[in-house]
Visitor: 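Dropping the structure in here first, questions after.
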Protein chains: 2
Amino acid sequence: MTGSGDSQAAARAIDATEVLVSRGLRVTAQRITVLDAMIAERDDTTAQALHERLRPAHPQLGMATVYRTLNALADAGVLDRLHHEGTSTCYRYCAPGHHHHLTCRSCHAVVELRDCDLATWAQHVAAAHGFSAPQHAVELSGICADCRARGVEDASAHAHTH
Amino acid sequence: MTGSGDSQAAARAIDATEVLVSRGLRVTAQRITVLDAMIAERDDTTAQALHERLRPAHPQLGMATVYRTLNALADAGVLDRLHHEGTSTCYRYCAPGHHHHLTCRSCHAVVELRDCDLATWAQHVAAAHGFSAPQHAVELSGICADCRARGVEDASAHAHTH
DNA sequence: TTTCGTGCAAATATTTTGCACAGAA
DNA sequence: TTCTGTGCAAAATATTTGCACGAAA
């Protein structure tokens, strides 16, 4: 599954080369490979997983390159870096601007939530404690409709959430 | 050592032994040492940092024990596990129950926010996308009144927040 | 041509584990 | 006594880096 299965979505998808150029990053075959994969796969992935997945079709893609590319893209703001419980650092392709994510705890499907209406709330709470310049980070998670239909169990129902 | 300045706060602090007993954890000198340190030090710490800090006064406290103790306490819900950018896993002493934190980006002062009123919001957003069993994690940050008075700069004003 | 990216393997960094012994219940 | 916790060092993971070479600008 070199990505050709997603032809419909990929057809009008963001062009990796353009993204690289627009960020002032040098365009290389490896970076296109990695970025394409991240764009096609909205869900978050670790460097290791991505490398394993890409390796068959790109035998000479080194693990170090995957790490370096993901870091470069994250530094450039193209990817999100996520630090989950348990797993190593995950990366996710991410639209620009302020927004939040709703993630399925079972299959890791991601929904981007635009129109965040929490800024006012954050402002209010912060001000109540004498804080200024509030920022807020929110991660919503749940079980998506598909997984629910499949009767998936919720492994982290007991998590201590903040 | 460095923490003795907090004597006032520490004086009427939570009793480590009681906490351990109440969670059904066996009471040992090492666990008391670690938990006491975490209670006294509200800011988050890594296992490594804690070990280094405690080692001088407790020469025979092994690093593995620090890791094991922090994990046991986190599993028991006594500590929070935090996954920051850059650093390894941090731990923080944390009141029980669902709540959020408001952290000063300058001095790392932490305010616990009780009475979280976001559950309804989360429920609503999740349902709108077909998700069930919503959980939400929120980290609020800002510049606290003290730091503001001191004219502190906001180092992370450009952060990409979600 | 100059500069930067890449693969490989070795180096680091971080966290976990096996084992024999000590200490809590 | 019995069972669990602990220290130590080695192991397992995860990520970064040095170096010579190849590719982009």
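Predicted model, so just to flag it, every value in this text is computed and none were measured. Naming: A, B, ... by sequence-line order, numbering from 1 per chain.
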Visitor: Give a yes or no on whether the backbone of B/F131 and the side-chain of A/R148 come within a donor-acceptor separation of less than 3.5 Å.
Guide: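 Checking the backbone N and O of B/F131 against the side chain of A/R148, no donor-acceptor pair under 3.5 Å is found.
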Visitor: Find which nucleotide of DNA chain D each of B/R31 and B/P59 is nearest to by heavy atoms, and output the residue with the more 5' nucleotide.
Guide: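 The residue closer to the strand's 5' end, by nearest nucleotide, is B/R31.
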Visitor: Mind checking side-chain hydrogen bond (donor to acceptor under 3.5 Å, both in side chains) for B/Q30 and listing every partner two or more places apart, or none if nothing turns up?
Guide: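 Not a single residue meets the side-chain hydrogen bond (donor to acceptor under 3.5 Å, both in side chains) criterion with B/Q30.
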Visitor: A/Q30 has an atom CD; how far is it from atom C1' of C/dT6, in whole Å?
Guide: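 For the pair A/Q30 CD and C/dT6 C1', the rounded distance is 6 Å.
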Visitor: Can you tell me the distance, in whole Å, between the CD atom of A/Q60 and the P atom of C/dG5?
Guide: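 Atom-to-atom, A/Q60 to C/dG5, this comes out as 17 Å.
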Visitor: Could you state the atom-to-atom distance from CG of B/L50 to C1' of C/dT15 in whole Å?
Guide: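 The answer, rounded to whole Å, is 15 Å.
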Visitor: Take the protein atom CG of A/L20 and the nucleotide atom P of C/dC4, then report the distance between them rounded to whole Å.
Guide: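 Taking CG of A/L20 and P of C/dC4, I get 16 Å after rounding.
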Visitor: Taking side-chain hydrogen bond (donor to acceptor under 3.5 Å, both in side chains) as the test, write out the residues that go with B/Q48, two or more places apart.
Guide: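 Here the qualifying residues are B/Y67.
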Visitor: A/R31 side chain to A/R26 main-chain N or O, any donor-acceptor pair under 3.5 Å?
Guide: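 Indeed, once roles are kept as given, a pair shorter than 3.5 Å links the two residues.
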Visitor: Check the angle between the aromatic planes of A/W121 and B/H100 and answer parallel, tilted or perpendicular using the 30° and 60° thresholds.
Guide: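 Geometry flag for B/H100 against A/W121: perpendicular rings.
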Visitor: Taking OP1 and OP2 of D/dT15, is either one under 4.0 Å from a side-chain nitrogen or oxygen of A/N71?
Guide: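 Answer is no, no contact under 4.0 Å.
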Visitor: Give a yes or no on whether B/V19 and B/L79 share a hydrophobic cluster (residues Ile, Leu, Val, Met, Phe, Trp, Tyr; joining criterion: side-chain heavy atoms under 4.5 Å apart).
Guide: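 Linked, B/V19 and B/L79 end up in one cluster.
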Visitor: Is any side-chain N or O of B/S88 closer than 4.0 Å to OP1 or OP2 of C/dA13?
Guide: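 False: B/S88 side-chain N/O out of range (4.0 Å or more) of C/dA13 OP1/OP2.
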Visitor: How long is the line joining CD of B/Q48 and P of C/dT15, in whole Å?
Guide: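 About 6 Å, once rounded to whole Å.
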Visitor: Among residues at least two apart in sequence or on other chains, which ones pass salt bridge (charged side-chain N to carboxylate O under 4.0 Å, His left out) with B/R81?
Guide: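 B/R81: salt bridge (charged side-chain N to carboxylate O under 4.0 Å, His left out) contacts with A/E85, B/D75.
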Visitor: Please check this pair: side chain of A/R92 against backbone of A/D80, looking for a donor-acceptor N/O pair closer than 3.5 Å.
Guide: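 Here the side-chain-to-backbone pair does not exist.
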Visitor: When you check the phosphate oxygens OP1 and OP2 of C/dT15, does a side-chain N or O of B/Y67 lie under 4.0 Å from one of them?
Guide: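 It does, given that an N or O in the side chain of B/Y67 lies less than 4.0 Å from OP1 or OP2 of C/dT15.
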Visitor: Between protein and nucleic acid, restricted to nucleotides 21-25 of chain C and to nitrogen or oxygen atoms under 3.5 Å apart, what atom pairs and distances do you find?
Guide:
| residue | atom | partner | partner atom | Å |
| --- | --- | --- | --- | --- |
| C/dG23 | N2 | B/R26 | NH1 | 3.2 |
| C/dA24 | N3 | B/R26 | NH1 | 3.4 |
| C/dA25 | OP1 | B/V27 | N | 3.4 |

Visitor: Please give, in whole Å, the distance from C/dA10 P to A/M63 CE?
Guide: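 Checked: the CE to P distance equals 13 Å.
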Visitor: Please compare B/T89 and A/T69 by the position of their nearest nucleotide in DNA chain C and report the one closer to 5'.
Guide: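 Going by which nucleotide is closer to the 5' end, it is A/T69.
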Visitor: In whole angstrom, what separates B/Y91's OH from C/dT14's P?
Guide: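 So the two atoms are 13 Å apart, to the nearest Å.
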Visitor: Which pairs, protein N/O on one side and nucleotides 17-19 of chain D N/O on the other, fall under 3.5 Å?
Guide:
none

Visitor: Please report, rounded to the nearest Å, how far the P atom of D/dT6 is from the CG atom of B/L54.
Guide: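 Those two atoms, CG and P, are 13 Å apart.
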Visitor: Using a cut-off of 4.0 Å on non-hydrogen atoms, how would the nucleic acid contact of A/R55 be classed: base, sugar-phosphate, or nothing?
Guide: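 Result for A/R55 = sugar-phosphate.
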Visitor: Can you sort out the partners of A/E41 under side-chain hydrogen bond (donor to acceptor under 3.5 Å, both in side chains), two or more places apart, ordered by chain and number?
Guide: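 With sequence neighbours excluded, A/E41 shows a side-chain hydrogen bond (donor to acceptor under 3.5 Å, both in side chains) to A/R53, given in chain and number order.
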